[in-house]
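Below is one structure, written out as structure tokens, with a few remarks after it.
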Amino acid sequence: MRISVIGSGYVGTTLAACFADLGHEVVNVDIDEEVVATINRGEPPIHEEGLPERVARHVTETGRLRATTDYDDVLETEATFVALPTPSRDDGSIDLSIMEAGTEQLGETLSTKEGWHTVVVKSTVVPGTTQDLIAPTVAAASGKALGEEIGVGMNPEFLREGTAVADFLEPDKVVLGADDDRTLADLRTVYEPLTERVDTAVVETGTREAEMMKYANNAFLAAKVSLINDLGNICKELGVDTYEVADAMGLDDRITRAFLDSGLGWGGSCFPKDVAAIVAAARDEGYEPPMLNAAVEVNDLMPARLLSLLDDHVDVDGKQVALLGLAFKPGTDDVRNTRSAALVRGLTDRGADVVAHDPAAVERMRASFPELDFAVADSPAEALDGAHACIVATAWPDYSALDDEFDAMAHPLVLDGRHCLEPRDGIVYEGLTW
Ligand code: UDX
């Protein structure tokens, strides 16, 4: 099938490269000329495992992937996936103006198209957005009748950063949301090469339900982590190792061990934003969801819990503290909603000199949080040298291998926020919830 993907961010680029992998002819549309030029050189514009080789292969060898700034190129395709940003407003609700402008431009472009075209919303949007905003926008701008000349569906993504390509190619489920048969048929055709190849559940549903499935998934997982952190805080107070408890809980088929890693909590581009957006959508309708509000409350508590453990051991005023990890999780350079930002703030409030290390995220941290005051070390050893405390905030595998490096600390206090170090002789080790 010939497919266009609008947007070359984390989701759009992954989607475009993976569709090309499935054998589709893909054109990726983005307004950013530099991003388009990067893709057309055969390089992904973002850091994501499995993408460099795929983008290179499909741009330079198979010829199934190219990028453009020209919306008219969607006319050569049969379906368009919209993967545009939906930033958060101050009240947590999502700002749909980029989606609206992008789909209006798409509709105008499609006004000259002969025959049927399917438009698919890929971005995470609150229930009703596809039906009540995007479909009417596309229909009005194109002058085409919905369900007769043009269809608008919704196909949420469940891609984790760092494993997005693998998540796409071996999904637990594929959700196809459509409000008419032809759109659903096109969605099935797009995913057929995948559903024929791997054993995955295909959920066919309406667009409102598809939209809600994405939020429900992320809200559930975020709340699961917050619940184990809430239990973890109790465990710590009572002298119990949360990880031993979680391992036993995970043996119950109704619970499973996944997303029971207690620690500093959740960050990233999805959990915080999606929970806030669905809470805001509920609030708009007059319902204030107590469980999801509590999930956020527990999550916000975790960096402060770790800093209070630090206060129990040492006064860091005027002293160096090593902060290992800035990315919101290992395997990515993404610092959106990283727990490390709250840690840097809390440490500088205490008068500490923060020396941070991260193998991938330093540049983004500087750019995203210019107000934060921290120095950067080239290696964990450099950050630890002379430090009065060390906080591990991201579970990068290299940190688990640290050993003699701790000997250079002025005071060998190690606070592990991610359960990724072993206690060892010569250090004072404190786990956040164990
Ligand atoms: C998430 C969803 O998993 C994915 O399906 C969705 O589409 C996008 O959001 P991502 O944000 O990339 O993916 O990261 P994920 O691996 O799910 O972790 C989210 C956050 O939860 C991270 O900050 C991670 O450190 C934290 N987490 C996860 C825990 O604290 N404990 C756990 O047991 C699991």
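First listed ligand is number 1; within each ligand, the first listed atom is number 1. Because the structure is a prediction, the values reported are computed rather than measured.
- When only interatomic distances are considered, the shortest N/O to N/O separation between G267 and ligand 1 falls below 3.5 Å.
- In the model, T189 has no side-chain atom that pairs as donor or acceptor with a side-chain atom of D186 under 3.5 Å.
- K122 and T80 are not linked by any side-chain donor-acceptor pair at a separation below 3.5 angstrom, with hydrogens and angles left out of the test.
- At the top of the distance list for atom 15 (P) of ligand 1, counting protein heavy atoms only, stands K329 NZ, 3.7 Å.
- For the 3.5 Å distance criterion, the side chains of K214 and N155 fail to qualify, holding no donor opposite an acceptor.
- Comparing heavy-atom distances from atom 12 (O) of ligand 1 across E161, R336, K273, M302 singles out E161 as nearest.
- For the ligand labelled ligand 1, residue G263 lies outside the 4.0 Å heavy-atom shell.
- If you look at D261 next to ligand 1, the close heavy atoms, those under 4.0 Å, come from the backbone and the side chain alike.
- Among all non-hydrogen protein atoms, the one lying nearest atom 25 (O) of ligand 1 is R418 NH1, 3.6 Å.
- At the shortest separation from atom 1 (C) of ligand 1 among protein heavy atoms lies F271 CE1, 3.5 Å.
- Nearest protein heavy-atom contact of atom 3 (O) of ligand 1 is R160 CG, 3.2 Å.
- When only non-hydrogen protein atoms are considered, atom 27 (N) of ligand 1 lies nearest to V225 CG2, 4.1 Å.
- Under a 4.0 angstrom heavy-atom cut-off, R339 registers as lying outside contact with ligand 1.
- Taking a 4.0 Å cut-off on heavy atoms, G268 fails to register as neighbouring ligand 1.
- When only non-hydrogen protein atoms are considered, atom 8 (C) of ligand 1 lies nearest to C270 SG, 2.9 Å.
- Every heavy atom of K224 sits 4.0 Å or more from the atoms of ligand 1.
- Between E48 and T14, the side chains place no donor N or O within less than 3.5 Å of an acceptor N or O (distance only, hydrogens not considered).
- Judged purely by distance below 3.5 Å, without hydrogens or angles, the side chains of T137 and E104 never pair a donor atom with an acceptor atom.
- In this model, no donor atom of one side chain and acceptor atom of the other lie less than 3.5 Å apart for E49 and T163.
- At the top of the distance list for atom 34 (C) of ligand 1, counting protein heavy atoms only, stands F259 CD2, 3.3 Å.
- Cation-pi check for R366 over F374 is met; the charged atom lies under 6.0 angstrom from the ring centroid and within 45 degrees of its normal.
- Regarding atom 20 (C) of ligand 1, its nearest protein heavy-atom neighbour is W266 CB, 3.6 Å.
- Here N217 has no heavy atoms under 4.0 Å from ligand 1, in either its backbone or its side chain.
- The N/O atoms of E157, backbone and side chain alike, include one that comes under 3.5 Å of an N/O atom in ligand 1.
- In this structure, F19 has its ring center closer than 6.0 angstrom to the ring center of F168.
- A distance of 4.5 Å separates OG1 in T207 from CD in Q131, rounded to the nearest 0.5 Å.
- Contact annotation for T332 and ligand 1: no heavy atom of the residue comes within less than 4.0 Å of the ligand.
- When each atom of ligand 1 is checked for a heavy atom of F328 under 4.0 Å away, the hits are 11 (O), 12 (O), 14 (O), 22 (C), 23 (O), 25 (O).
- Relative to atom 4 (C) of ligand 1, the option among L159, L260, D167 with the closest non-hydrogen atom is L159.
- Under the 3.5 Å distance criterion, with hydrogens and angles disregarded, a donor-acceptor pair is assigned to the side chains of D21 and H58.
- Under the 3.5 Å distance criterion, the side-chain polar atoms of T348 are matched with a main-chain donor or acceptor of R345.
- Set against the non-hydrogen atoms of K214, the atoms of ligand 1 under 4.0 Å away are 7 (O).
- Side chains of K236 and T433: no donor on one and acceptor on the other come within 3.5 Å.
- Side-chain contact between S269 and N337 is absent, with no heavy atoms from C-beta onward closer than 4.5 Å.
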